Amino acid sequence: RDYLLRVNIIAVAIGFLPLLLVTRMNLTIGIPDQVFVLGDDVIQTVAGELAHMPILVLAARVCPPGVEATLFAFLMAVLNLSSMTASFLGAQLTEFF
């Protein structure tokens, strides 16, 4: 539980990093836009993987023997579907507003 709480708090903090780019604070810190965007993307990807790891480990422990691969494939499909849905809805909201 502690791990999940810490990872989620860090993920929220990392989620605010694009605000530094929008407000151009990255330039006052001395980080060029291209480097900041690349670094931000890498950091968010790593944080997302760390956030999913405990869920996958827990799912593997409660999974019946012999269907681990099927459960992993199902969880990955759900994660990919939710990511695509979030991207689509974010694009729609951006276009709407």
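The residues of the chain are indexed from 1 along the displayed sequence. Not measured: the values here are computed from a predicted model. Both backbone and side-chain heavy atoms feed into the values below; hydrogens, waters and symmetry mates do not.
Counting only residues at least two apart or in different chains, salt bridge (Lys or Arg N to Asp or Glu O under 4.0 Å) contacts with residues 66-79 are absent.
Across Ala51 and Ile55, no two heavy atoms sit closer than the pair O-CG1, 4.2 Å. The two residues Pro32 and Leu27 have their closest heavy-atom pair at CA-CD2, 4.2 Å. Leu71 approaches Ala59 most closely through the heavy-atom pair CD2-O, 3.4 Å. When every heavy atom of Leu79 is checked against every heavy atom of Ser82, the shortest pair comes out as O-OG, 2.8 Å. The two residues Gly15 and Pro18 make their nearest non-hydrogen contact at O-CD, 3.2 Å.
Side-chain contact between Glu49 and Leu56 is absent, with no heavy atoms from C-beta onward closer than 4.5 Å. Considering only heavy atoms from C-beta on, Gln92 stays 4.5 Å or farther from Ser87 through its side chain. Counting heavy atoms from C-beta on, the side chains of Asp2 and Arg6 come closer than 4.5 Å. Taking the side chain as every heavy atom from C-beta outward, Phe16 and Leu19 approach each other to under 4.5 Å. Contact annotation: the side chain of Asp33 approaches that of Arg24 to within less than 4.5 Å [non-hydrogen atoms, C-beta and beyond]. Contact annotation: the side chain of Thr45 approaches that of Asp41 to within less than 4.5 Å [non-hydrogen atoms, C-beta and beyond].
Hydrophobic clustering (side-chain heavy atoms under 4.5 Å, transitive across Ile, Leu, Val, Met, Phe, Trp, Tyr) keeps Ile10 apart from Leu50. Val67 and Leu58 sit in two unconnected hydrophobic clusters of ILVMFWY residues. Membership requires side-chain heavy atoms under 4.5 Å apart, directly or through other members.
For the atom pair Leu20 CG and Ile29 CD1, the distance stands at 5.5 Å (nearest 0.5 Å). In this structure, CG on Leu38 lies 9.5 Å from CD1 on Ile43, to the nearest 0.5 angstrom.
When the shell of 6.0 Å around CE of Met25 is examined, it contains 12 or fewer heavy atoms from other residues, nucleotides or ligands.
With Asn26 contributing its side chain and Ile31 its backbone, the two residues share a donor-acceptor pair below 3.5 Å.
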